[in-house]
Amino acid sequence: MHLRGPVASISDVEDTPGDRRTVTIRPDKGRSDPVAVDLLGKWTETAAVLDPGMEVAFYDLEDGDPWLADRSATVVVEPDVVVDVTDIREWVQCPRQYYLDKLTGTPLAYPVVKGTIVHEVFGDLLRGIDSEAAVERRVHEAGLELGLLDKDAATVRDDVSDHARAIEGWLAQGSLPDGGQQFAPAESEWRSEITLIDERLSIKGRADAVRRGAPVELKTGKNTRREPRFEDKIQATAYALLLSGGDREAAPDTGTLLYTKNAAVERTEIGGDLSPAKDFSIGDGLMRFVIRARNEIAAMEAQRAIPTGEEADATCEYCFEQDTCMALAGRLDQHSKAGAVGKALPSAEREYVDEFYDAIEAERHAIHSSFTDLWEQSADDRADADRALVDLDPCGRTQRDDGRWELRARSTGAISKIREGDIVLASDGDPVGGSAELARVERLGGSPADASGEDADGTDASEDAADVIVTTDEPLDLCRLDIYPSDIGVDRMLTAIHDAVLARPPERKDVLFERRAPSFEDVDATFVPNNDAQDRAVRRAVAAEDCALIHGPPGTGKTYTLARLVDALVERGERVLVSAFTNRAVDTAVEAIRERGVSVVRMGTESGVSEPVADCRLDPAGDPDERAATLREADVIAATTATCGSRVMREQSVDVAVIDEAGQLTEPGALAAIALADRFVLVGDHHQLPPVVQSDPDAGATLSRSLFERLIDTYPEAGVMLTKQYRMAQRIQAFPSREFYDGRLRPADGETAAQQIADLASVDAAALPAHLRRRVAFVDPDGDDEGAVNPREADTVEEIVAAYRAAGVPDESIGVIAPYRAQVAAIERRVPESITVDTVDRFQGSSREVIVLSFVGTGSLDGPIFEDYRRVNVALTRAKKALVLVGDREALESDPVYARLVEWAD
DNA sequence: TCTCTGCCTAGAGGA
């Protein structure tokens, strides 16, 4: 019998305290009567971490009243929280270490980098790659990190080769009894690097390797004892559980831990035991221990509690994290088993850390809930929500030279959020129960003809004509792709809070905590002769001793001003970091900076960096010394804020961080860049789109307000607003200027102000209907919305676009904006592919001569998308010469702001 | 009721 529901109460059973606890839950989402379950034996430890209101799931209960959870049952606390295997491992070492690791992240350290390389080589060996070639390539790929650690390639290759030999020796030993030949990985026997998710236990992880169904875990550190380390056994046991789909009876009964450093040491020093492998048996008790540890983590996350370390039996004096642990306890005035050192932060700072910690964890929870969609939603629902591509038709696979597999399939042409370069879960159709692999999307969409024509490696793709291509470590039938939620973004927000608040001296945080207004030195220079506001903005930013704020409404030359500023800073000998939330924004800034003759080192992934600036991207592969020197000596480094939180970037320091599109950044997001710099300049517009936050509005409120907005409210004198706009005709600009910018926005010159559609050389204005000749028009097609789609409006948009095209407006000058993706898709089906149709959010940052805006909503305007005036502002300010609003008059007039909008446009 | 970008993913080790 299985039961699930929120906990109503927990109580000891009187006769047998400690041995038995009664937990009552309300199944059926809490609507039905409470049901009692008695937890026996070790499960009482899980009962001890429960609080009323927490969700709990029971599997395989014994019949009775109350139901009995004995040793054959399984208890899962907060099943919606998906816990990582490595988190369980750390928690078992010390619960506080789990917390410290979340907050401080992993620093750039040689043993970690080497460990990663050895693991990659291990995978290569299992895939049949030659050892020497694998070592050579993997060390080459880690060039930048090794260089920053002052390691040279030859030394590292020797180091890694020692481990590789130990692995090969063991692999050869394992195959001796069978045939006595050199090791050759048999397909059915071995699998490398498997991604595992279990819906029952809500645990996920990635096993190094699986041999004959049993987990093999590689450890490159030292283990001087005869026995495997307990936490290593826990890790391998967790993988054993995942391999059996949470069914403990079916789980493999042994696991193998491969301590490669031991083998190297033993061979040279004592020449003894050549086998680095230690097998251990996986019993039911160990597996239940793993589940209880997982439950403790889930319960603590639900309570947002901070572990003290007392929960564990670990000895603090032998712990590597002791210093960090004590320092953090001191700063945050926490109790910790190791004790505390140093002075506590002022209470305002502690409250700030607490508030953001909670908000970031709520965000993590929201991301995790999309994980449980993987098994709670049907494939069709996931496809409808754009979170999966289903019904793929597998049509080929090849193993590449590097051992990885290229899988090909034909798609149904459906739309999803999955894009090229993304890491997704590829599966045979069942991502949880079936066979699934983490995959990288190499190609998506495009006509199959393209796919067949240009395969650089000479694969004959013509017979399969695939439009979906992914790469994986192991082959499978490619039938489905799912978005794989990642919490790396929240991880980096947390480390940014640590770096910017916990690890910084107090005086560097005065402005952030509003204890002192920003100060400025005297700078007497002219930077932009023909634009007074831009000139003042650059001067203010150059003069800033703490921070400056540049407020740039649409079309006001924000990017130019930013580039001019970076140029001026470099001229003064400063080292500058240029950052923004999106790759697109970073690349736009980089292009403008390079146009001024300033060279930039762009950090980021190959798929993230756009083509025009790809030549200045720092490829991490290469000679360590040379790679590190390029980064260390760069005057200007450009990276997204997420990359600023990477372990390579956290090692860098700069004089000034210049952050673009700052209105779109959460406060911790901005801190990731600010933490690397002495001073910072935020460039943005808080009247355009705010940060994207997934948690619900209550929990997300803390993250929804950008640092830019907070500082511009607190220190208006630190900001300069750019007021001359070079984009819109005066008629178009009038409403947004009045409504959102206190009427301060004005056209840069008469030509900008007076521009109209007839100015375009190719246009015959006489061919246009009268209302489309105007700069602003309103059309009410009298349609009906069906949720997020309004077909009549889509038809009207089609007619308007056709009219402009017929009059000679080039396709690339026309843009169509709709609030919902569904409406975007409906319009896309009606207009030529060469016309850009997109959501407001995706249109931010660009503009067109003509913009057609479809509002969709009819009747009344309820829908949060319309509540945010910032979204409307963005939509209205994309047009240069003509703006056509298509919407339901009655609905729009029900809201005062929209009523004024209609009046203006009509 | 809906908008949605980052980050290769997790896990790499230190006595």
Side-chain angles (χ1 to χ4, degrees), chain A residues 84-87 89-90 101 106-120 142 145 193 195-196 204-208 217-225 229 232 235 261 315 317-321 385-386 417 419 421-425 437-441 471 473 483-493 580-586 604-608 639-647 661 664-666 669 672 689-694 787-788 818-824 838-844 856-857 861-868 870-871 874:
Chain A
D84 282 338
V85 170
T86 41
D87 289 341
R89 180 185 197 273
E90 277 194 313
D101 193 65
T106 311
L108 186 62
Y110 180 59
V112 181
V113 176
K114 186 183 75 181
T116 306
I117 298 172
V118 173
H119 274 76
E120 287 164 346
E145 293 198 328
E193 306 257 25
T195 301
L196 300 155
K204 66 183 161 79
R206 189 164 165 164
D208 286 343
E217 187 56 30
L218 178 65
K219 293 291 163 195
T220 55
K222 201 184 283 178
N223 175 17
T224 48
R225 286 173 303 186
R229 266 195 230 98
D232 296 342
Q235 188 178 2
K261 192 165 183 174
T315 319
E317 53 191 304
Y318 297 134
C319 176
F320 299 111
E321 305 283 6
D386 299 340
K417 291 178 181 170
R419 285 196 298 266
D422 284 358
I423 300 290
V424 298
L425 198 60
E437 284 279 325
L438 274 184
R440 187 192 160 84
V441 180
T471 48
D473 283 331
I483 286 186
Y484 190 82
S486 161
D487 45 16
I488 192 162
V490 285
D491 285 344
R492 293 197 169 171
M493 283 202 256
F581 184 61
T582 63
N583 276 309
R584 196 177 61 177
V586 171
T605 58
E606 203 175 348
S607 58
T640 59
T641 49
T643 296
C644 288
S646 69
R647 65 182 182 212
E661 306 275 20
Q664 270 190 77
L665 274 168
T666 62
L689 295 177
V692 174
V693 174
Q694 302 198 16
Y820 310 118
R821 287 170 62 92
Q823 179 76 350
V824 166
D838 234 326
T839 56
V840 184
D841 300 65
R842 300 247 274 236
F843 236 103
Q844 173 150 332
V856 182
L861 279 189
D862 39 34
I865 206 135
F866 289 103
E867 281 167 19
D868 200 333
R870 291 172 288 195
R871 188 163 271 113
V874 171

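Just so we're on the same page: letters track the sequence lines, and every chain starts at 1. None of the values given here were measured: they were computed from a predicted structure.
If you take atom C1' in B/dC8 and the same atom in B/dA12, they sit 15 Å apart, rounded to whole Å. Comparing the C1' positions of B/dG11 and B/dC7 gives an interatomic distance of 15 Å, to the nearest angstrom. Taking atom P on both nucleotides, B/dT5 is separated from B/dT1 by 23 Å, rounded to a whole Å.
Applying the side-chain hydrogen bond (donor to acceptor under 3.5 Å, both in side chains) rule to A/Thr471 yields the partners A/Arg404, A/Glu442; only residues at least two apart in sequence or on another chain are considered. Partners of A/Glu437 under the side-chain hydrogen bond (donor to acceptor under 3.5 Å, both in side chains) rule, at least two apart in sequence or in another chain, are A/Arg191. Residues satisfying the salt bridge (Lys or Arg N to Asp or Glu O under 4.0 Å) criterion with A/Arg206, sequence neighbours excluded, are A/Glu193, A/Asp473. Contacts of A/Asp208 classified as salt bridge (Lys or Arg N to Asp or Glu O under 4.0 Å), with partners at least two apart in sequence or in another chain: none. Every salt bridge (Lys or Arg N to Asp or Glu O under 4.0 Å) that A/Arg647 has, sequence neighbours left out, goes to A/Glu145.
At a cut-off of 3.5 angstrom, counting only N and O atoms as typed in the model, there is no donor on one side facing an acceptor on the other between the side-chain of A/Thr86 and the base of B/dA10.
B/dC2 atom P lies 13 Å from atom CZ of A/Arg871, rounded to whole Å.
Contacts of A/Thr839 with the nucleic acid, taken as non-hydrogen atoms under 4.0 Å apart, involve only primed sugar atoms and P, OP1 or OP2. Note on A/Tyr484: only backbone sugar-phosphate atoms sit closer than 4.0 angstrom, heavy atoms only; bases stay farther off. Counting any heavy atom pair closer than 4.0 Å across all strands shown, A/Arg584 reaches sugar-phosphate atoms only and no base atom. A/Thr643 comes within contact range of the sugar-phosphate backbone alone, with a heavy-atom separation under 4.0 Å but no base atom that close. Using a 4.0 Å heavy-atom distance criterion, A/Asp422 is classed as making no nucleic acid contact.
Out of B/dG13, B/dA15, B/dG11, the shortest distance to the side chain of A/His119 is found at B/dG13. Listed nucleotides: B/dG13, B/dC7, B/dA10. Nearest to the side chain of A/Thr220: B/dG13.
In secondary-structure terms, DNA chain B builds no stem of at least 3 consecutive Watson-Crick or G-U pairs having both distances under 3.5 Å.
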